[in-house]
Amino acid sequence: MTMFTGFNLKEKIKELKRRGKDVPREIFDLGVAFWLINVDEEKYTGEYLAPKYLHKEFNNSEAILEELKKYAENKLKEFNLGRLFYKLEMPLLEVLADMELNGISADKNKLANLDKKIGKILKGLTEKIYNEAGKVFNINSPKQVADILFNKLKIIAPVGGRLKKTSTGAVSTNIETLATLKNEHKIVGFILEYRELFKLQSTYVKSFQELISKDRRIHTTYLQTGTVTGRLSSENPNMQNVPAGTELSNEFKRCFEAKKGYEFVSFDYSQVELRVLASLSGDPKMIDAFKKGVDIHKLTASQVNNVPLEKVTPEMRNLAKTLNFGVVYGMGFIAFAKSSGLSVAEAKKFIAEYFSDFKEIKKWQERVKAEARKNCFVSNLNGRRRWLLNIVSSYQFLASQAEREAINMPVQSLAADILKISMVKVAEYLKEKGWYGGSVRPLLTIHDELLFEVKSDIIKKVKADIADIMENAFKLSVPLKVPVKAGKNWGEMKSFV
DNA sequence: AGGGTACCCGTA
DNA sequence: AACATACGGGTGCCCT
């Protein structure tokens, strides 16, 4: 049991595990340490950090690692990040290593069949599109699509609408724009369908097939230093943006199957960011709603429309949902108008109404912004910190952007911490029970969700315990709720009670 | 041929 | 002028 100091220790841990060796108890990952100190570094490698902080070339010698460690230790202490580093991020390394080693089983044949199936539909759509266009062109080129739609077919925006431009001044052909043109020409609908299916095929069905390992499983890589908020990211493949909702994307997810004798069990924090916001702001109405288990979007709808809960229509609820999410991101009335389809004046009114109903949220946001302006950084309850130098910029846009980032950071990052705490605690519990890696294997983490592979005969017991650990992972002034789903494959997860 | 970037789009 | 946070990745296209 030696001490581990260095970069990319997750890989070293994986190597030890592959050889059946024990993982050192004391771990000091320098990349993660420097990331906690400043989430905005370009890279978290020795080659990058040593010249910048020690004014020395990096050579991976014991001496220079120790010197970097000394520097990091001091800063962690100065910024009060010790607990986060030693008690959360370092223990998390092993869980991430295990998730990556475990991987998730993928059925190559099913993927190949789905590939063909989508290919056929795409072929048909391609012909229809060429037919409507009157010529052959590259449907995957936004430039060529724009040329066909707006020059050749001379499609124009319907009354009251305007065509959106891209940052370089070209007319945009994104979904949002195309959706407004759906009734102007038959080709538009075909292109929308084509886009959706091509995306599914190229980014997911095709790419994932190439990433299946010899053990017939897909092993993602988690980046512990990949975000500015404390979230994890995932690459090769990114398991955190797998599509859901349409029939074909569900068919894609059905290609991932639990090991024989096991089932997938997923634990998903329900509305964790809004609960965090309620707790941080102390807003009485929102806290009350979560305590009573009221549908939060419905409550918001009833509040901003000044109608009783029973009178809330699905449309009102939808609008309120956009509003709730938007508030977490610091959305302004123009953006709200755009995403809701309301007029700017109406949007303004709704947002004003929202903040007069949830007064403490507004006050909390103002406090966060003031603090950010004072310190040029924001931090969350655990001390996780993000520098926001632009908050004092004289460029209005940059300052506003920094304000939105400031408002979002304490919420998104605490939600991220809560999930990380859960991962570590659940792993501890599973080790105590002797199930870790055997009867219960952690597979995926998707921001507010954990997916395990669990031996069928212990699902019931494990489910209750894990959900319990997660709901009590962090004390907020509102309860945390963790609904559980289970299924033999990833596309057919049914709620489990 | 390979790098950089624009645009697009999937998720929480 | 920009006007909703956080990501990774595929393809086109221009450049060297």
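Throughout, a chain's letter reflects where its sequence line sits, starting with A, and its residues are numbered from 1.
Spacing between atom CD of Q240(A) and atom P of dA6(C) amounts to 16 Å, rounded to whole angstrom units. Distance CD (E193(A)) to P (dC9(B)): 14 Å, rounded to an integer number of Å. Remark: C1' of dA6(C) and NE2 of H447(A) are 7 Å apart, rounded to the nearest angstrom. Atom P of nucleotide dC13(C) and atom CZ of F137(A) are separated by 12 Å, given to the nearest angstrom. For the pair M239(A) CE and dA6(C) P, the computed distance is 24 Å after rounding to whole Å.
Side-chain N/O atoms of S167(A) include one lying less than 4.0 angstrom from OP1 or OP2 on dC7(B). Taking 4.0 angstrom as the limit, T203(A) places none of its side-chain polar atoms (N or O) nearer than this to OP1 or OP2 of dG8(C). An OP1 or OP2 oxygen of dT5(C) is reached within less than 4.0 angstrom by no side-chain nitrogen or oxygen of T229(A). Dashed line: the shortest gap from a side-chain N or O of R386(A) to OP1 or OP2 of dA6(C) is under 4.0 Å. Contact annotation: R404(A) side-chain N/O to dT5(C) OP1/OP2 distance is under 4.0 Å. At the phosphate of dA6(C), neither OP1 nor OP2 sits under 4.0 Å from any side-chain N or O atom of T227(A). For dC7(B), neither phosphate oxygen OP1 nor OP2 lies less than 4.0 angstrom from any side-chain nitrogen or oxygen of N140(A). Here S207(A) reaches the OP1 or OP2 of dG10(C): one of its side-chain N or O atoms lies under 4.0 Å away.
Nearest to the side-chain atoms of D448(A) among the listed nucleotides dA12(B), dG10(C), dA2(C) stands dA12(B). The nucleotide whose nearest atom lies closest to any side-chain atom of R195(A) is, among dT5(C), dA6(C), dC8(B), dC8(B). Comparing dT5(C), dC3(C), dG9(C) by their closest approach to the side chain of Q412(A) singles out dT5(C). Listed nucleotides dC9(B), dC7(C), dC3(C) differ in distance to N174(A); the shortest reach to its side chain belongs to dC9(B). Looking at the side chain of K143(A), the nearest of the listed nucleotides dC3(C), dC14(C), dG12(C) is dC14(C). Distances were taken from every side-chain heavy atom of V228(A) (C-beta onward) to each of dG8(C), dT5(C), dA6(C); the shortest belongs to dA6(C). The side chain of F397(A) approaches dC3(C) more closely than any other nucleotide in the set dC3(C), dG8(C), dA6(C). Taking every side-chain heavy atom of N138(A) into account, dG12(C) is the closest of dA6(C), dG12(C), dG9(C).
Other residues, nucleotides and ligands contribute at most 12 non-hydrogen atoms within 6.0 Å of the NZ atom of K485(A). The number of heavy atoms from other shown groups lying within 6.0 Å of CZ (R367(A)) is above 12.
For the pair E366(A) and K369(A), the salt-bridge criterion is met [side-chain N within less than 4.0 Å of a carboxylate O]. Ion pairing between K374(A) and E371(A) fails under the 4.0 Å rule for side-chain N and carboxylate O.
Residue-level contact check: S339(A) touches the bases, meaning some heavy atom is under 4.0 Å from a base atom. Within the 4.0 angstrom heavy-atom criterion, no nucleotide atom of any strand lies near L398(A). Among the protein residues, I175(A) comes within range of the sugar-phosphate backbone only, with heavy atoms under 4.0 Å from sugar or phosphate atoms but none that close to a base.
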TODO: I would like to know whether Y354(A) and F358(A) meet ring pair (Phe, Tyr, Trp, His ring centres under 6.0 Å); could you show each step before the answer?
DONE: CA-CA 6 Å; Y354(A) 185 97; F358(A) 304 103; 4.9 Å; yes
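Comparing dC9(B) with dA1(C), their C1' atoms are spaced 25 Å from each other, to the whole Å. Going from the P atom of dC3(C) to that of dT11(B) covers 22 Å, rounded to whole Å. Nucleotides dG9(C) and dG4(B) are separated by 15 Å at their C1' atoms, to the nearest Å.
Checked against the 6.0 Å centroid criterion, the rings of F252(A) and F208(A) qualify as a close aromatic pair.
With hydrogens and angles left out, the side chain of N241(A) and the base of dG10(B) share a donor-acceptor pair within 3.5 Å.
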